[in-house]
J.: 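This is the structure I want to talk about, given as structure tokens.
Order of the sequence lines fixes the chain letters, A, B, ..., with proteins taken first and strands second; residue numbering starts at 1 for each chain.
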Amino acid sequence: MLKKIKVGKYVFIIGIIIYLVLFILSISVGSVKISFEQTIRVILNMIFNIGDITDIPETIVTIITSIRLPRVIMASIVGSSLSLAGAVMQGLLKNPLADGSSLGVASGASIGATLAIALGITLPILSEFSVIVTSIIFAFASLFLVLFVVKKIDSKMSTNTVVLAGVIFSMFASSVSSLILAIFSNDTKKIIFWTLGSLASSNLSKVLIILPIFLICVLYILSKTSELNVFQIGEDGAKYLGVNTKKVKVGLFIFSSALVGMSVAMTGNIGFVGLIIPAIVRMVVKTDYKLILPFSMMFGASFLCLTDLISRTIISPSELPIGTVTSLLGAIIFVCILYNFKKRKEV
Amino acid sequence: MYMLKVEKLSTKIDNKVILDNISFELEKNDMLTIIGPNGSGKTTIVKSIMGDIKYTGNIYLNEKNIKKIYISDISKYVGVLMQNHNLEFDNTVYDIVSLGRYTYIKDMFGNLNDIDRKKIDDAMKLADIENLKSSSINNISGGELQRVFLALVLAQDPDILILDEPTNHLDLKHQIDIFDILKKWSLQEGKSIIAIIHDLNLAHKYATKALLIKEGKSISCGDVKSSLTRETLKETYDIDIFEWMQALLQNWK
């Protein structure tokens, strides 16, 4: 175990460096090229108030602070949320194919967004965030609906019942979304584009909304690593070792679904991240959740920064939907890693 | 002083009586074996003690009603070795054994301290799996896997260990190994054991007390010599097991 932590530290430091490089790269690359030096100086000045940036043109400062920086932060938050939730769900449901949306929150959030776009719902006060707020409400409503139904069917809330209810609800919710799409065909393009996901509309106020929820959820989940470790031997086993299984399980379901629901509301449905990043992390750091969770967050953030960078530069000036890039790139990276990993094991 | 006292334990599931007035006591160094046909309620006794199902009657742990003890505290006194182990991911043996320390860990990040590490090492030594420390759970034999989970409950350091058919699917040599480990542990550390055992010879050799049940009712209970006899077995299983075993042994001549 000691050796494992040491190796983990090594990989973690490399991971952090990769993430920082991607972070800076994402800010400087774009239709307006900004030098690394200027990027770093503006960020340092903005956050720590150090250095003098009066020699940098104001347009560049504005591009960094109000467009690119919020976008990269949003990519990092959403990427780490999706991967963290995926890692938690895979552990709780004991299923490597589970991800953060296994409880149906992503589909629930989609109904909310589709409805809001199709009906042109505008909320008082929060008119700018109508789509986001509606989909967050729908995400939570669907989460609690699923948990309520599971509780009614099976008072022990066994994972099989939870998975089944989640899958059924997801299918139901997708059909509802399609139905709305079919009825309000005027907005089809807008809705489909939302479904495929995009970080283009990220701004500072959205980041400020998502950040506190993100931090609360992450803190709760990271405080439950021992419990997730014990869950690996099964629910009964965990209970006999002294875990309050039902409370921990429901807590983790709620907080990880909140992460996913909120991410989907902000950026649309970005698939595959929550499935693939934890799977890759498991190959590197095996089975200790003290490592799996932080690693998933770090790799998830890097991965989404990278895919966002690709999606907005590859056919510039227009953008590819990020969901397609994550799936394409993710599948290729995953197969390569899996191939190398199996080959190395055989030797 | 009793470590565990079960008093008039009765349970019903869907109006069907599963356990009817079961009572027994467990003292230091005792190994109580529960014997009975499939479906006679053996596992239900274990589930009642662990608070998994509703029951009438009383169960006392160290003279305190077990219903008034938090589950996280019960796990400091009672360990359960389960029948089946299903693992999805590629854990190492050490990882699994160290989970036994969960209930003692106070560190926010779940780190083990020196006492935890010593208990884990001792448990692995006792279960004779030290050489498997960094092996993957997926690459060891069924007998080894059972000893890994035995080490896990030993690392939990309970006063009472409950075993539900601990040597299921193991060959005779491994069955004897496990019971030798358990016997040594209970005598050395002053612990007691409840074991559901199907092999009557093993039960007779290793247990100090026996509880025979049939359709939820106690046939006999007490010292193994007086309660696990030809007559009580006949009543429990409806066949003369002694005669049957003698006939089996004749085949070897």
J.: Can you tell me how far apart CD1 (B/Ile13) and CD1 (B/Ile18) are? Round to the nearest 0.5 Å.
T.: 4.5 Å
J.: With a 4.5 angstrom heavy-atom cut-off, is it the side chain or the backbone of B/Leu152 that approaches chain A, or both, or neither?
T.: side chain
J.: Using a strict threshold of under 4.0 Å (side-chain N to carboxylate O), is an ion pair present between B/Arg117 and B/Asp114?
T.: yes
J.: Taking side chain as everything from C-beta outward and backbone as N, CA, C, O, which of these in B/Tyr70 sits under 4.5 Å from a heavy atom of chain A? Side chain, backbone, both or neither.
T.: neither
J.: So which atom in A/Ser142 and which in A/Gly108 form the shortest heavy-atom distance, rounded to 0.1 Å?
T.: OG-CA, 3.5 Å
J.: Any idea which heavy atoms bring B/Leu150 and B/Leu81 closest together, and the distance?
T.: N-CD1, 3.8 Å
J.: Taking only heavy atoms into account, what residues of residues 211-226 of chain A are found under 4.5 Å from chain B?
T.: A/Thr225, A/Ser226
J.: Using a 3.5 Å cut-off and no angle test, enumerate the donor-acceptor pairs between side-chain atoms of residues 54-65 of chain B and protein atoms at least two apart in sequence or in another chain.
T.:
residue	atom	partner	partner atom	Å
B/Thr56	OG1	B/Ser10	O	3.3
B/Asn65	OD1	B/Lys67	N	3.0

J.: Applying side chain to side chain contact (heavy atoms under 4.5 Å, CB included), name anything that partners B/Ser192, two or more places apart in sequence or on another chain.
T.: B/Met3, B/Leu26, B/Asp30, B/Ile160
J.: So which residues of residues 177-190 of chain B are in contact with chain A at a heavy-atom cut-off of under 4.5 Å?
T.: none
J.: Is a donor from one side chain sitting under 3.5 angstrom from an acceptor on the other, for A/Gln90 and A/Asp99?
T.: no
J.: Nearest 0.5 Å, please: how far is CD1 in B/Ile66 from CG in B/Leu4?
T.: 6.5 Å
J.: Less than 4.5 Å to any heavy atom of chain A: does that hold for the side chain of B/Asp52, its backbone, both, or neither?
T.: both
J.: For residues B/Leu202 and B/Asp199, report the shortest heavy-atom separation together with the two atoms involved.
T.: N-OD1, 3.1 Å
J.: Would you call B/Asp122 and B/Lys118 a salt bridge, taking side-chain N to carboxylate O under 4.0 Å as the test?
T.: yes
J.: Nearest 0.5 angstrom please: A/Phe23 CZ to A/Cys305 SG, how far?
T.: 7.0 Å
J.: Using a strict threshold of under 4.0 Å (side-chain N to carboxylate O), is an ion pair present between A/Asp236 and A/Lys239?
T.: no
J.: Among the options A/Val230, A/Asn244, A/Leu241, pick out the one with the most heavy-atom pairs lying under 4.5 Å from chain B.
T.: A/Leu241
J.: Is chain A contacted by the side chain of B/Ile162, its backbone, both, or neither, given a heavy-atom distance below 4.5 Å?
T.: neither
